[in-house]
2 protein chains.
Amino acid sequence: MSRKNQTSELKSRVMEVALGHFSEVGIERTNVSNILNDAGCSVGSLYHHFGNKEGIAEALFIDGVNQFNSRLLEALLPRRTASTGIKAIVTFCCEWVTDQPELAGFLLSREVTLSDNAKLELRQMDREFGQSIYDWFVPHVKSGALLELPTSMYVPLICGSTLEYSRLWLSGRNSRSPGAVAAILAEAAWQSVKSSP
Amino acid sequence: MSRKNQTSELKSRVMEVALGHFSEVGIERTNVSNILNDAGCSVGSLYHHFGNKEGIAEALFIDGVNQFNSRLLEALLPRRTASTGIKAIVTFCCEWVTDQPELAGFLLSREVTLSDNAKLELRQMDREFGQSIYDWFVPHVKSGALLELPTSMYVPLICGSTLEYSRLWLSGRNSRSPGAVAAILAEAAWQSVKSSP
DNA sequence: GAAATACTAGAATAATGTTCTAATGTGGTA
DNA sequence: TACCACATTAGAACATTATTCTAGTATTTC
């Protein structure tokens, strides 16, 4: 196997192993040495590739957000009405959390403290993502289908309940998965942002 | 001053100082030695009273939840209609977060890993609190004013948006405080759980 | 007033994340 | 092919920092 492939395989092995530990006991309480053992990686390699323990978390975080963002757009952009769009967002979130609970729990945990570089990268990603979302929303607000609100309130209103429910489910405190209650959450979200007659 | 007073003063001084550090840089990144210096406390005393660093966080967490729960009940229980009750919950949350951002940020951060003892104590608190809340809700669900839903969904639906908005505000990403948008959040929460005609 | 107990103190220890120096193998280039 | 530059690997040494431990001090209690 070529050096490049070996390297990228090592990196993903480390990230996979780390995600398991992180989501089980949190970043702080996972030992670097455990990751090294489980991934078959040397101290030198790990610090060469990731800088430090947080660097692994950072890579996982950015990967996760990227994946989430692009799939959400795939689910949202084809929708033509406000109602189906809003419900598509919520339903997508529910399924995403249900399908990959480890990654979802990790992203929702807010444990990661990003370096300045990662913050910049993430801000850039966010800008692009936000723009696409914004473009989808504008016509529905203009047409009067959606409430006109401060921009920063749409995400909490549409996704807040779902994220909160997901956190509860991920911490094992209720049995029904987000996927199983997606319809309720979607309807509730729609009720909270639709423009009432 | 009596020993008891001296002691309890030291404990609250430590907790106050610790909260400042925790909410600023997180539990992991605050040094025990900084807490010791700022609170004028010796290593021995701190470990005698709190067991370890997490013990301080745990005490803060339990105190915070207690305070939040009892004040929320004060705000909710006097309300006689479903609509005013739901809105009172949301409004209270907004004000509470806005009034004590440090404590709120700490509680919302989910950084605290509770010991088994603390978990038991918290579960007990939660049971009592949950019961009071439940008793308030039942009649409004029976009367048809509120949607009938799986029990575990009311909190996310009612508070999810507010908590999500609060997290955003606490992380400095939007300027309007939760208190300033309480009315919008309260109305949205109401729309999402009221029984539609 | 004496004994028991709660508390304080800080040096010593242990755990663990990170750095450093040296070796190793690969891909490109003459 | 031969060789060089460089990315990568290795793990021992180091540094930081949470925690333990032993001894000493003050208070309450009887």
Side-chain angles (χ1 to χ4, degrees), chain A residues 1-61 106 111-118, chain B residues 1-61 106 111-118:
Chain A
M1 191 170 14
S2 76
R3 167 66 68 97
K4 262 189 187 168
N5 284 346
Q6 244 183 30
T7 291
S8 79
E9 202 180 272
L10 178 64
K11 285 180 80 168
S12 26
R13 208 161 61 239
V14 167
M15 286 172 69
E16 195 184 317
V17 164
L19 177 58
H21 290 239
F22 290 167
S23 77
E24 193 180 354
V25 297
I27 298 173
E28 180 184 1
R29 294 156 59 101
T30 87
N31 293 13
V32 172
S33 59
N34 289 143
I35 298 177
L36 296 174
N37 287 338
D38 295 0
C41 177
S42 74
V43 185
S45 295
L46 188 136
Y47 280 86
H48 175 73
H49 289 304
F50 295 101
N52 57 24
K53 184 165 76 164
E54 279 291 322
I56 311 172
E58 216 161 68
L60 280 168
F61 191 85
F106 177 70
E111 285 187 293
V112 193
T113 17
L114 300 157
S115 68
D116 288 346
N117 270 345
Chain B
M1 192 171 12
S2 76
R3 167 67 69 96
K4 262 188 187 167
N5 284 346
Q6 243 182 29
T7 291
S8 79
E9 202 180 271
L10 178 64
K11 285 180 81 168
S12 24
R13 208 162 61 240
V14 167
M15 286 171 69
E16 195 185 317
V17 165
L19 177 58
H21 290 236
F22 290 167
S23 77
E24 192 180 354
V25 297
I27 297 173
E28 181 184 2
R29 295 156 59 101
T30 88
N31 293 12
V32 172
S33 60
N34 289 143
I35 298 178
L36 296 174
N37 287 340
D38 295 359
C41 177
S42 73
V43 184
S45 295
L46 187 137
Y47 281 86
H48 175 75
H49 289 304
F50 296 100
N52 55 27
K53 184 166 75 166
E54 279 292 321
I56 312 173
E58 218 162 66
L60 280 168
F61 191 85
F106 177 70
E111 283 187 297
V112 193
T113 18
L114 299 157
S115 68
D116 289 346
N117 272 345

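In the text below, chain A, chain B and the rest are named by the order of the sequence lines, each starting its count at 1.
Near-neighbour residues of DNA chain D inside residues 15-28 of chain A, defined by a heavy atom below 4.0 Å, are absent.
In this structure, the CG atom of A:Leu36 is 11 Å from the C1' atom of C:dT18, given to the nearest Å. Going from atom CD of B:Glu9 over to atom P of C:dC7 covers 15 Å, rounded to whole Å. Atom CG in A:Asn52 sits about 14 Å away from atom C1' in D:dT16, given to the nearest Å. Rounded to whole Å, atom P of C:dA6 lies 17 Å from atom CG of B:Leu10. In this structure, CZ of A:Arg29 is placed 16 Å from P of C:dA15, rounded to the nearest angstrom. Rounded to an integer number of Å, the gap from CZ of B:Phe50 to C1' of C:dC7 is 13 Å. Put simply, CD on A:Glu54 is 17 Å from P on C:dT16, counting in whole angstrom units. Rounded to a whole Å, the CG atom of A:Leu46 is 16 Å from the C1' atom of C:dC20.
Between B:His49 and C:dT8, a side-chain N or O to OP1/OP2 separation shorter than 4.0 Å is present. Here A:Ser42 does not reach the OP1 or OP2 of D:dT9: none of its side-chain N or O atoms lies under 4.0 Å away. Between C:dT8 and B:His48, no contact under 4.0 Å exists linking OP1 or OP2 to a side-chain N or O. Distances shown here put a side-chain N or O of A:Asn31 below 4.0 Å from the OP1 or OP2 atom of C:dT16.
Between A:Thr30 and B:Val43, the residue anchored closer to the 5' end of DNA chain C is B:Val43, taking for each the nucleotide with the nearest heavy atom.
When atom types are taken as modelled, the side chain of B:Asn31 and the backbone of B:Ser33 share no donor-acceptor pair closer than 3.5 angstrom. Between the side chain of A:Glu54 and the main chain of A:Val112, no donor-acceptor pair closer than 3.5 Å is present. In terms of modelled atom types and a separation under 3.5 Å, the side chain of B:Lys53 and the main chain of B:Val32 share no donor-acceptor contact. Under the 3.5 Å distance criterion, the side-chain polar atoms of B:Glu28 are left unmatched by any main-chain donor or acceptor of A:Glu28.
Distances were taken from every side-chain heavy atom of B:Tyr47 (C-beta onward) to each of D:dA10, C:dT18, D:dT20; the shortest belongs to D:dT20.
A donor-acceptor pair shorter than 3.5 Å can be found between the side chains of A:Glu58 and A:Ser115.
Note that CD1 of B:Ile35 and CG of B:Leu46 are 6.5 Å apart. Values are rounded to the nearest 0.5 Å.
Between A:Phe22 and A:Phe106, the ring-plane angle classifies as parallel under the 30° and 60° cut-offs.
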